[in-house]
2 protein chains.
Amino acid sequence: MKDTTLKEIATKLGISITTVSKALKNYPDVSAKTKQAVIDLAQNLHYTPNSFAVNLRTKESKTIGLIIPTLVHDFFSNVIQGILEEAEKRDYLVIILQSNEKFEFEKKQIDLLLNKRVDGILMSLSNETDEFEHLKTILSHNTPLVLFDKIAKLVNCSKVTINDRKAAYDAVSYLIKKGYKKIAHFRGSYLPQNSIDRFLGYKKALEDNNIAYDSSLVFVCENNPDFEDGYANAKKVVNEHPEIDAIFAVTDLVAVGIIKYCNEVGIAIPTQIAVLGFSNWFMSSVISPKLSTIDQPGFEIGRKSASILFDEINLKKNNLPVVFQSIELETSIIEREST
Amino acid sequence: MKDTTLKEIATKLGISITTVSKALKNYPDVSAKTKQAVIDLAQNLHYTPNSFAVNLRTKESKTIGLIIPTLVHDFFSNVIQGILEEAEKRDYLVIILQSNEKFEFEKKQIDLLLNKRVDGILMSLSNETDEFEHLKTILSHNTPLVLFDKIAKLVNCSKVTINDRKAAYDAVSYLIKKGYKKIAHFRGSYLPQNSIDRFLGYKKALEDNNIAYDSSLVFVCENNPDFEDGYANAKKVVNEHPEIDAIFAVTDLVAVGIIKYCNEVGIAIPTQIAVLGFSNWFMSSVISPKLSTIDQPGFEIGRKSASILFDEINLKKNNLPVVFQSIELETSIIEREST
């Protein structure tokens, strides 16, 4: 079927295209009878306004772009749900792209979204990203940008995060209060701000509690920290430092790898080694032993980021000034069986 | 910053708009020097072609729509990854919408996507969907549609599924071969085809092995089968039918709920009750005991669905006839500790 045009409707009803157009927009100078006839025929013919033409006129696409490192990830799935819920309320559509933690993909995806003339962009940066020209390109197009989770501190735009440093500080202080003294840290890679901040929080908590920081107890999970990193590093730390009594992992996925290793070799959790995760993935509540962790509010991060973006899109549309916001959402410690 | 137009580039370089346009499209009748000047200036000014105008001309949006029941779901996350990978290869963008298992949302989302003039639509139906006019609307717009996972058998379009009935049949036959005789089934709700087919496969395997089908051993997980359904139904079946020796669950999430209940009340898996899941979620390999399950190739389902859709989009563009395909991908049994 060819797309129905206003002209066809006009010809079929023997009225002008202008009248058809006015009828569909519910203008007062068209009779109720004519309006009804136009609407009925439009529905019968499956008429939909040509969005390309509408977009060309309004310069709005009613679409936003979202770039995340990866989708198969409990935290990002929850973020996306929050974003989709806010978009849904406003009849906005969301184009979702995965950078797969690659800087080059991220750059290309920004070009695709700008070419598409999306009304705004939401992003969590890849672990490789250490220069920010591509983000500045977004801003130079006057396209609203909100960064969340993995952000660039120096880029001038709104940001939604948790206080990673404080959350890690509280987490490690909690372990110390529980009596653990030799606490290893399985950190994320060196670039993302959240990985740096969680490490700094760990270090500060030790120092504030008069426990000497020992760099040999810090293990890096390369690239995209995952299950295998936790498993491999647990094996390493147990062999190299049998004296440790707790491990603070940069994310639950790493912590689950630690638990798997300990279960396999018969290390009792939490009596021999306590394990504390970060993020509160669904699976953390169903594995054995159940993982203690930091609750990171993914859904709320998504909602808040989207709602700020839509506000900025509206302000821009009305030529009003935008004041960038930096929002930090609250986290809390979820105590389960592993600590 | 205002968007840069061809006219500005032309004015700044003192050449015609036509020459600028030809230079950007690499036409042979523009000198290499002029081309370079145009490209350099276009880059400096962050020129991007106005996609709305391009779309209006080409009638292509280079965008497809995807409607899935929910994102926070290991299987659908993997499907999306497969789809994004195929789209990426072709510089296509994907608008993702969640129906939240609601028929009304699904209908509205189709309208949004058609209004947006996406070049094609991929869908897995909501559990509520029992009429298909909205799918026919897509086809009457001559927009290619591919259904996957939760499909409507009678709608005339391409489909990608697994053979749910055979997979369930094989699963239950495997349990019987292992010596289990009183096998309960926690099924999905009554509408989705995959839930019906898994139930029928269960029933047929019992009959073919001379085990009488007993409807009181079938428990329905309402709406969106989840963790809580597994937990609650496990409690019920253990009280009402202490004689059962195995449970076949419609999805891993339900099976994880069963395992949690059994672990809590001290029912040994698999010696007292064996548990078999469906889908092979990541967490199934890390819980205790590790869950035996059916591997459902989400990533492949996504890739195949997208690749068929892009083929149909191309055929349509070239006015060639489309032959709808019904693809069934292979599944296999993953034996772990729970059976």
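A quick note: this is a predicted structure, and the numbers were derived from the prediction, not measured. By convention in this document, chain letters (A, B, ...) are assigned in the order of the sequence lines, proteins followed by strands, and residues within each chain are numbered from 1.
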J.: At a heavy-atom distance under 4.5 Å, which candidate from I95(A), L112(A), L97(A) has the highest pair count against chain B?
T.: I95(A)
J.: Measure D74(B) against the heavy atoms of chain A and call it side chain, backbone, both or neither at under 4.5 Å.
T.: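 Contact with chain A is through the side chain of D74(B) alone.
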J.: Give me the contact list for residues 255-266 of chain B versus chain A, heavy atoms only, anything under 4.5 Å, ordered by residue number.
T.: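 So the qualifying residues are V256(B), K260(B), N263(B).
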J.: For the pair V94(A) and I96(B), evaluate side chain to side chain contact (heavy atoms under 4.5 Å, CB included) and give the outcome as yes or no after the intermediate values.
T.: CA-CA 6 Å; V94(A) 185; I96(B) 303 180; over 6 Å; no
J.: Tell me, side chain or backbone of F76(B) under 4.5 Å from chain A's heavy atoms, or both, or neither?
T.: neither
J.: List in chain and number order the residues that pass side chain to side chain contact (heavy atoms under 4.5 Å, CB included) with E228(A), two or more places apart in sequence or in another chain; answer none if no residue qualifies.
T.: D226(A)
J.: Would you mind telling me which of S288(B), S77(B), G65(B) has the largest number of heavy-atom pairs within less than 4.5 Å of chain A?
T.: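 Counting heavy-atom pairs under 4.5 Å, the top option is S77(B).
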J.: What part of L84(B) gets within 4.5 angstrom of chain A, counting heavy atoms only: side chain, backbone, both, or neither?
T.: side chain
J.: Determine, stepwise, if the pair N100(A) / Q81(B) fulfils side chain to side chain contact (heavy atoms under 4.5 Å, CB included).
T.: CA-CA 10 Å; N100(A) 288 324; Q81(B) 277 214 313; 4.3 Å; yes
J.: Identify which part of K316(B) has an atom lying under 4.5 Å from any heavy atom of chain A, answering side chain, backbone, both or neither.
T.: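 Neither the backbone nor the side chain of K316(B) comes within 4.5 Å of chain A.
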J.: With sequence neighbours left out, what residues match N319(A) under side-chain hydrogen bond (donor to acceptor under 3.5 Å, both in side chains)?
T.: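 Counting only residues at least two positions away or on another chain, N319(A) forms no side-chain hydrogen bond (donor to acceptor under 3.5 Å, both in side chains).
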J.: When heavy-atom pairs shorter than 4.5 Å are enumerated against chain B, which of L71(A), I287(A), L93(A) gives the highest number?
T.: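 Ranked by contacts with chain B, first place is L93(A).
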J.: Please look at S284(B) and chain A and tell me whether the side chain, the backbone, both or neither of the residue comes under 4.5 angstrom of a heavy atom of that chain.
T.: neither
J.: Do the side chain of K116(A) and the main chain of S61(B) share a donor and acceptor less than 3.5 angstrom apart?
T.: yes
J.: Check whether any side-chain heavy atom of W281(B) sits under 4.5 Å from a side-chain heavy atom of M283(A), and report yes or no.
T.: no
J.: In terms of heavy-atom proximity below 4.5 Å to chain A, should L253(B) be classed as side chain, backbone, both, or neither?
T.: side chain
J.: Under 4.5 Å heavy-atom distance to chain B, tell me which part of S285(A) shows up: side chain, backbone, both or neither.
T.: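 When you check distances to chain B, only backbone atoms of S285(A) fall under 4.5 Å.
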J.: Only pairs at least two apart or in different chains count here, so list each salt bridge (Lys or Arg N to Asp or Glu O under 4.0 Å) that has a residue in residues 77-87 of chain A.
T.: E85(A)-R303(A), E86(A)-K89(A), E86(A)-R90(A), E86(A)-R303(A)
J.: So, do E88(A) and Q98(B) sit near enough that their side-chain heavy atoms are less than 4.5 Å apart?
T.: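 Of all side-chain heavy-atom pairs linking Q98(B) with E88(A), none is under 4.5 Å.
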